[in-house]
Structure formats: structure tokens, C-alpha cells
Amino acid sequence: MASTSGRDAFVEFERVQKSYDGETLVVKDLNLRIPKGEFLTMLGPSGSGKTTCLMMLAGFETATHGDIRLDGRPINHIPPHKRGIGMVFQNYALFPHMTIAENLSFPLEVRGMGKSEREGKIRRALDMVEMGGFEGRRPAQLSGGQQQRVALARALVFEPELVLMDEPLGALDKQLREKMQFEITHLAHNLGITTVYVTHDQTEALTMSDRVAVFNDGRIQQIAPPDELYESPQNSFVAQFIGENNTLEGTVKEIKGGVALVELDDGGVIDAKPVNVERPGERTLVSIRPERVEFNRERLQAGVHTLKAEVLEFIYMGDIFRTRLRVAGCDDFIIKTRNAPDQRRLQPGEQIEIGWLPEDCRALDLPAR
Amino acid sequence: MADTAADMPTDIVGALRTPDGRPLKQALAQAERRARIRALVLVLPLLAFVLLTFIIPIGQMLSRSLLNDTFSANMPALTRWFDENPGAEPDEAAFEALVMDLRAAKEARTQGAVGTRINYEVPGTRSLFTKTARRADRIEPPYREAVLDVDKDWARRDLWAAMRSAAAPVTTNFYQAALDRKITPEGEFAFADKQSRIYITLFVRTFVLALAITGLCLVLGFPVAHLLAVLPMRKASLLLILVLLPFWTSLLVRTTSWMVLLQGQGVINDTLVALGVLGDENRLSLMYNQAGTIIAMTHILLPFMILPLYSVMKTIPPSYARAARSLGATSWTTFRRIYVPQTVPGIGAGAILVFILAVGYYITPALVGGATGTLISNQIAFHMQESLNWSLAAALATMLLAAVLVLYWVYDRIVGIDNMKLG
Ligand SMILES: Nc1ncnc2c1ncn2[C@@H]1O[C@H](COP(=O)(O)OP(=O)(O)O)[C@@H](O)[C@H]1O
Ligand SMILES: [Mg+2]
């Protein structure tokens, strides 16, 4: 994994704050270091300040406080057109009165590049996104996916070292989106450019990124590679925002040898990994992924605590089975099992016992209601 | 198992039919006809209104500019003589017909109208008709000598040429006049006398001033429209009210207030003199000339430029400008190459609106234009109200209409009418 030490950070936010109205902070104390060549995704619900961060980096908004550095240089006072940052917008922002070739030519012309050099670069950029042959068309004559590709080519044609993308795939249908996710990641890695990608779609974030920064309420809640983010969420927001999750409320009884004993509100007791609980008596939210729940007695580790559960519903989903249980007074406890020849299908009304490995069950902060 | 294609009955050639056997095309046409009729009934009142108030008057105007039967209706005998003797010099029979007609005209009191009609062509001849008609009862044969005794002007060749051309109900005389031309008795197409050559100058002045006003409106209106489009909602509404304020004030009041501002002893001159910018003896003449017309009309027509521009600018997302900046363009390049081209539909709509309104404007130039700042419309109004030469007024108006249509066509070729956004 790329080092994130201060010296070789290519993009650096340091204690950045942003307020539009002087009353509320939209971005609160943002610290972020992005090494060269990394694909970093800002993930978070709508209104969490992702676009604002991107706009500050691009130079369209100024930080109310703090420093933003690009390649070691503070850029607070550099106008947007001198930052040399490629950008892809959600609505693509292809100039409607220009052809595709003219759109791509624009950044090269304003850099004073000669005609023959421009033509070569335009052709290569269009070939790169498999849009060769569309030079003479207008943006309105292209499909959404094609416009997306052209927007990408335009952001890359002047060979920026940093590319920003704000929900670029938001307007595409699911299939096209998945294809483009794959292509964008490939392009970014092959060209070795640093990418800051904004999305509110967690699947997109997980599949594309080297690292994901989870935003909520103007703060980065956790910044980690996708696997770590999914398997080791650092707080209850991240756990609930990324992937599907079962949560149960309880109180910490004791913490011993890296395992917390949690007494659930209805009296059941479970083992969990203490993540941000420190001492007995604290209220906690334990979180467990549906695919990590085990109901097969033989496969359960000896000695772990188990809970009684009643099967409420069995849903056949092709590659997996989704079973809804009532556990500790909670009616929407989900378990997912793979559709395999030896897999047992649970029947509604069945009484079972469920358990898990203590490290798969995370005792997190209980968010205030 | 029936598949869906087999459910749909088809005939031998394969045309689709509805389940009750009618060809699909026919059923579709019938269904659409009903909708079309309903739509037609809805627009019928408007159609009738437009026909009554717009198409018919314009048609009337066109026909009036070409048809004028004042002479042929009131001078039937002479008209017949002209018909029977094409190209002939007036003989005794012609003078007899003239006397008969003048007697009848005197009875019907139409000699004045006839005289006025000929007076358009040959100035100063109206009295000839009234005087001779008054004495027509006492004129005895031989008519030629007798009439020439009344006034020897009756021998003028140009007078007889004018009567001959006025006898034809369809005439291009008024268009000739509107073009400052005339057809000489020798049949040549020539310039009219110097003192009556005014219309070409006026047409040119009208179009030049209208262009200047359109240009000024664009230059002044563009920043305002841009401001309207980027300001937050509440401030934009306030500014919009200010832009629309002139619409809620009477045109006459606005023009008069410009007179108060612009006149020699007016607010602007007084201020400049008081500030010492101007000496008291060389006050600017801002009124009763072209400057007055341009200033007052620019102000009056400005909203017609601002509104279409605003409605177009409002729909241009800020992300285009941002994209251009991020691609390396300075704000000036972004404005010139990205923003302005996207406002072209608004510029086009505003420009053509202001231009057409300016070309036809009449009250303001009449009040502040003086001698050098009046436009062709003022001449049209003059012929409608003062000289009562409606045919000439109609010919001038038709030429104005034609010129505007030509410009409209040129505009369509250059900018494209469908590339214009009015609202
Ligand atoms: N130009 C602006 N003026 C005022 N408030 C804004 C502006 N842009 C965004 N905001 C506010 O800032 C917050 C964060 O917005 P944004 O950065 O767009 O979030 P995200 O991209 O994560 O959805 C929102 O509450 C939004 O209403
Ligand atoms: Mg956003």
C-alpha cells in the first residue's frame, strides 16, 4: 500500500473548514493526504460535504480555514485555470455548441498547442475511451454512456496529474455503470494519475478505490482500503453505511483479552470485538455482517456464546439465500448463506441457535438518537 | 400456444389490422382526426381574431397601396376615352369627356377628391380641378378652347400623363413615390424632384437607427441579464421588478420624462454646466435630433432585450463555466468561447424583437426626434392623418413590412429562427 506520510502526499488537506453562510460548517476539520497515483473515493450520504471538498480542491470554492496543498504547494490563491486539474462533472458539462473534437481541443487550444499536436492528442484520447470516429458529432447526438466517455477523455486529454470526478456515473443505468467503473479504474491505473472520485454509492466506492474516505456531517468518519472498511468499520456510522449489517443494542459487561462480553437489552450475552468501547457499563451497538452469522452447530466454534433465533422468512435470491430472523427482540436480523449443494434451507417457524466468531462482531459506539 | 405476433390479424399483404378487422392505419388516422378536430375547435376563436385583426387589415393595406379608383370611379367618360385611345394626345373628344365628367363631379361634389388624387402626381393641380368644375356648366363647345380658356395649364402633357395613369385602377405610382422615383411622360423611371426625395433617406435612417438601438440594448442589457441569472432568487426578483418597471409606466410619461432630462435647459445639461464640464453657451443638444431618438428608444426597448437573454442565461448551468476553467481557460476565454455562444438564442431573440419594434416606433421619435430623428413611421402617420394619402401610407408601410421580412429571412439564414428562444 502506498505510504501516506506527509512528505510524499500529492494532495493534502490540512485542518480545512468550509462554511457557506457563516453559521454552519459544511466541512469540519478535514485532514486528508493522498499520495501520487492513488485512486481515492469520497463516499458519503448526500449533503455530507463531498462536492464542497472537491470544489475547494478545484478552486471554485475557497476554504474558510486551513490549507490545501498540491504537490507541496499551497493552492489557496491559485485560480482554477492554473491548477491543471482534470474534472469530470455529474452532468458531463460537455459544451453543447461544440463538436466532440472541439470539446477535446478546447483545453489544448487554451494552452496554445499547435494544430497537428492537438489532433494527435485528441485522436489518442478518444481511442483511449473507445470513442474514435465520433469527432464530428455534437454532445446531444451521443448516448449518456458515450457522453461520459467523452467527458473522461476531455478531462484527460491535457494530461493532468490529478483528476477529480463528482458522481460521474450517477446518470447511467446499472449495467453501463458497472462497465464504466471498471474502465475508469483501469485508465486511472494505467495512466498513473491521482484520482479523487466522489460517489454516494458504496458498491462503486468499494469496487473502484485504493482507499475510501467515508464522509458524514462534514467529517471523514474513516479512511481505509475497501476490505478494511468493510470488515473493520471504526464506528457505527461506517458499519451501517457500508454494506448490510445487523445491529443489536446492549451494555458492555467486561473486556478481557481483546474480547468484550456484551449483555443485550433482552438478557442474551454475546462476545464481541471492542472497537470504540473502553470500559464495562458503556452502552454499545454491536454490529455483525449477515454473511458472518453461523447457525450450523458443527461449524460453530466451541465455547462461544450463542443466541436463540426464530426463522421468520426465507428468501431465495439465486446465488444466495436471505433469511430473516427474530433475534433478541429484533425482527429484522438478516443472515445470508451461499446457495451450495450442502446448504440447508431454513423453514419459517424453525427455532435455531446462531453464533459467530468474536472478531466478526464489533462493539461500536451507540449513536445518540 | 399462440405467440403474440400471431394474435394480431394481418391481411394478405401483411398490413396490421385491429381485432375488429379495420386496417390499423385507418383506425389510427381516425383516432388522430378526432384529436385534431378538437384542437382546431379550441384555436378557432384565436384564428378568427387573428384573421379579423391582422390578416385582413394587412391585406387591405396591400391592396390599397396598389389600387386607387378615385379617378376612374369619378371620371368615367375620360377613363373610357383613355381606354379607347391608348397613347393618343388629348383631342376634342377627350376635352368633351373631361367637361362631362367635371359636371357630374360637381353634382356629386367629388371634384376635390379627384383633384387631390392628381395633385399627388403633379403638385399644384388640385385647384385646376375645383376651378374648372365650378365653371363646367357654362363651358360650351368647342371644348378644347373653352377649357384652355379657363386655365391654360390643361394643355400640360405631364398633367394628361398623370390623369392617364390615375385612370388605371391598378397603379404602381405610390410605390414609385415611396422610392423617391417617378415615371416621366417619356416613360422613363427617374428620380423625383429633389425636394420630394425624402423616403429613401428615411428608410435608411430608420434601419441605421434601429440597428444602433439594438446594439446599444445588447451592450447594456447583457450584463444586466447575466446579473439577473446569477443572483440569488430574492435579489433577482427585485432586480427583475426594476427591469420591468418601465412597462408599468405610460410610454408617453416615460418619453416626456426623457424630454425633461435631455432638453437644452434640462437636468443633464444643467448638471454638466453646474459641474463645469460644459460652458453655458455650448450645452449639448440631446433632443430634437437622432441622439434623442436613440437615447429614449434604447431605454424604452431595453426590457425586450433583457428578458429573452435572461430566460436563456438562467438555463445555462454553471458547470459549463467551471468545466472550462478547470480545462485551463481564463475567465475571459470562458466568457467568450463558452458562455456567449450559449446565449446566442437569447441574443437573437432579443435583437430581432428590439429591431422590429424600433423599426416601427412612432410616438417617441415624434416627440424627441425633431427633424433629423424622425423615422419612416412618422411619415406613414403623416400620410394617414394629415395628407390623407392613404395609398402612399400603405405603400410605405408595405415596403417597411417587406424590408423587415427580408431581414428576417437573412437572419434565419445566418442565425436560424429555431435557434431563438423568446421565453
Ligand atoms: N453554493 C452553496 N451555497 C450554500 N450552501 C451550499 C452550497 N453548496 C452546498 N451547500 C450546502 O453544503 C452542504 C454540503 O453540500 P455538498 O458538498 O454538495 O454535499 P454532497 O456533495 O456530499 O452531497 C449541503 O448542506 C448543501 O446544502
Ligand atoms: Mg455532491
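In the text below, chain A, chain B and the rest are named by the order of the sequence lines, each starting its count at 1. Not measured: the values here are computed from a predicted model.
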Part of Leu164(A) within contact of chain B (heavy atom distance under 4.5 Å): neither
Option that, when pairs with chain B are counted at under 4.5 Å, heavy atom only, ranks first among Gly84(A), Pro80(A), Ala151(A): Pro80(A)
Exceeds 12 heavy-atom contacts within 6.0 angstrom, atom CZ of Phe182(A): no
Choice from Ala324(B), Pro317(B), Pro318(B) maximising heavy atom contacts with chain A below 4.5 Å: Ala324(B)
Under the side-chain contact (heavy atoms from CB on, under 4.5 Å) test, residues paired with Glu119(A) that sit two or more places apart: Lys115(A)
Phe89(A), part contacting chain B, at a heavy-atom distance under 4.5 Å: side chain
Options Pro160(A), Pro107(A), Ala155(A), ranked by heavy-atom pairs under 4.5 Å with chain B, top entry: Pro107(A)
Separation of Phe95(A) CZ from Ile338(B) CD1 (nearest 0.5 Å): 3.5 Å
Would you mind checking chain A against chain B for donor-acceptor pairs under 3.5 Å and listing them?
residue   : atom : partner   : partner atom : Å
His81(A)  : ND1  : Arg325(B) : NH2          : 2.9
Asn91(A)  : ND2  : Ser319(B) : OG           : 3.3
His97(A)  : NE2  : Arg337(B) : O            : 2.8
Glu109(A) : OE1  : Arg337(B) : NH1          : 2.7
Glu109(A) : OE1  : Arg337(B) : NH2          : 3.1
Arg111(A) : NH1  : Leu327(B) : O            : 2.6

